[in-house]
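Order of the sequence lines fixes the chain letters, A, B, ..., with proteins taken first and strands second; residue numbering starts at 1 for each chain.
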There are 2 protein chains.
Amino acid sequence: MKLYDFLESGNGYKCRLLLSQLGRPFELVLLDILRGETRTPDFLARNPNGRIPLLELDDGRRLVESGAILLYLAEGTPFLPDDPFARAEVCQWLFFEQYSHEPNIAVARFWRHFQWAERAGDPYWERALAERQAQGRAALEVMETHLQSRDFFVDERYTIADVALYAYTHVADEGGFDLAPHRAVRAWLDRVADQPGHVPITQADFDA
Amino acid sequence: MKLYDFLESGNGYKCRLLLSQLGRPFELVLLDILRGETRTPDFLARNPNGRIPLLELDDGRRLVESGAILLYLAEGTPFLPDDPFARAEVCQWLFFEQYSHEPNIAVARFWRHFQWAERAGDPYWERALAERQAQGRAALEVMETHLQSRDFFVDERYTIADVALYAYTHVADEGGFDLAPHRAVRAWLDRVADQPGHVPITQADFDA
């Protein structure tokens, strides 16, 4: 399998982390999204939406969207429950991550961390950042409430719901978020980082 | 089952449409999101993220996020393929809808259709709307490209990927989007509307 990816991407990291924990070999094809390498004709032929991560199977079939890649890879493994309702709860958190969490926490991080030189001082982008940060804090509060009585998001065990939410939460400070008040979230981050096979976000070498 | 919902919501409509096509009885509990009825203590106890749709099973278990509700209800039915890769492709389009489509097309519609009196004339909101509309047009272009060689999004048949993408595409004009140039999208909208058990977005009465 090939994973087309950008090392600083939390969406790509979710896939790398799960592949590592599953012990599945893959080739990492790194593209620089900051230099438009996901908007070339060659890459747009692979994904017309121009986004990484993209998983290419050995037979050439391709899959995009980190949540879909996680669900595909986790099927039949301990990272995705068999029980229909527990599976649905995993999906619920994957969609929460992509709708309420990533567009605020990851986008605030992307703007501040990679693009602030070109946005700083523009009142539009200052206000847009503040809006995203306010909504990102609300998403962290939803996580905090949920984790106050649980060790993991679903089924009292580590699943791809935790993988997905860990990716951008553990670098939320780069988006200007302060996790200090979120004690349950911080304890959960530690539990996730302690899982067997855990790798850091910028690890590029994978032995399988 | 109870579905907590807002009739003009495309996210809620996805669930109503699938429930209708599955012939499953449900009670519709309508909340007015414009009057804060999803931010009351009572509703926040059901969903701390304060959003509809919310599916409450007869045993009291609750599920949120339209994509997760669709996957849960469609399991074991013709609306979700059995083949693992085709299932993953369905999920891919569900996540595309929630990340690249809904936040642009549905949000532009929500601002223009329900909240423009309080936003019009503010340069921030005028520019924010223009940004969402540009990204919404890009999402429609991805759909157009995909549908130019296909009748439905996945597996050459009507699945919950079509249900999810139909919901806000068929009312995209209310967000200021012109579907005239998107011939393949328009032909697909007609095919979806022709499916057995189809109901319009504002239908509130369901006999099951």
**Request:** Under 4.5 Å heavy-atom distance to chain A, tell me which part of B:Glu141 shows up: side chain, backbone, both or neither.
**Result:** neither
**Request:** Quick one: do A:Tyr124 and B:Tyr124 satisfy ring-ring contact (aromatic ring centres under 6.0 Å, His included)? Show the steps, please.
**Result:** CA-CA 6 Å; A:Tyr124 174 77; B:Tyr124 174 77; 5.1 Å; yes
**Request:** Among B:Pro84, B:Pro123, B:Gly67, single out the residue with the greatest number of heavy-atom pairs under 4.5 Å to chain A.
**Result:** B:Gly67
**Asked** Which bit of A:Leu71 comes within less than 4.5 Å of chain B, counting heavy atoms only: side chain, backbone, both or neither?
**Response** side chain
**Nearest heavy atoms of B:Asp122 and A:Arg127, plus distance in Å** = OD2-NH1, 3.6 Å
**Asked** Quick one: of B:Leu63, B:Leu57, B:Val90, B:Leu44, who has the most non-hydrogen atom pairs under 4.5 Å with chain A?
**Response** B:Leu63
**Request:** Could you tell me which portion of A:Ala138 (side chain, backbone, both or neither) has an atom closer than 4.5 angstrom to a non-hydrogen atom of chain B?
**Result:** neither
**Nearest heavy atoms of A:Tyr72 and B:Ala88, plus distance in Å** = CD1-CB, 3.6 Å
**Request:** Return the option, out of B:His146, B:Arg62, B:Glu102, B:Arg61, with the maximum number of heavy-atom pairs under 4.5 Å with chain A.
**Result:** B:Arg61
**Request:** Kindly indicate whether the side chain of B:Phe95, heavy atoms from C-beta on, has any atom under 4.5 Å from the side chain of A:Leu94.
**Result:** yes
**Request:** For each of B:Pro103, B:Gly76, B:Ser100, B:Gly50, tally heavy-atom pairs with chain A at distances under 4.5 Å, and name the one with the top tally.
**Result:** B:Ser100
**Request:** Check whether A:Arg87 gets within reach of chain B through its side chain, its backbone, both or neither, counting any heavy atom under 4.5 Å.
**Result:** side chain
**Heavy-atom pair of closest approach, residues A:Pro48 and B:Val142** = O-CG2, 3.8 Å
**Prompt:** Which atom pair, heavy atoms only, marks the closest approach of A:Arg51 to B:Tyr99?
**Reply:** NH1-CE2, 3.8 Å
**Message:** Counting C-beta onward and ignoring hydrogens, is there a side-chain heavy-atom pair between B:Phe96 and A:Val64 closer than 4.5 Å?
**Reply:** no
**Heavy-atom pair with the smallest gap, counting every atom of B:Glu65 and A:Gln92** = CG-O, 3.3 Å
**Item:** Within 6.0 Å of CG in A:Asp82, more than 12 heavy atoms from elsewhere
**Value:** no
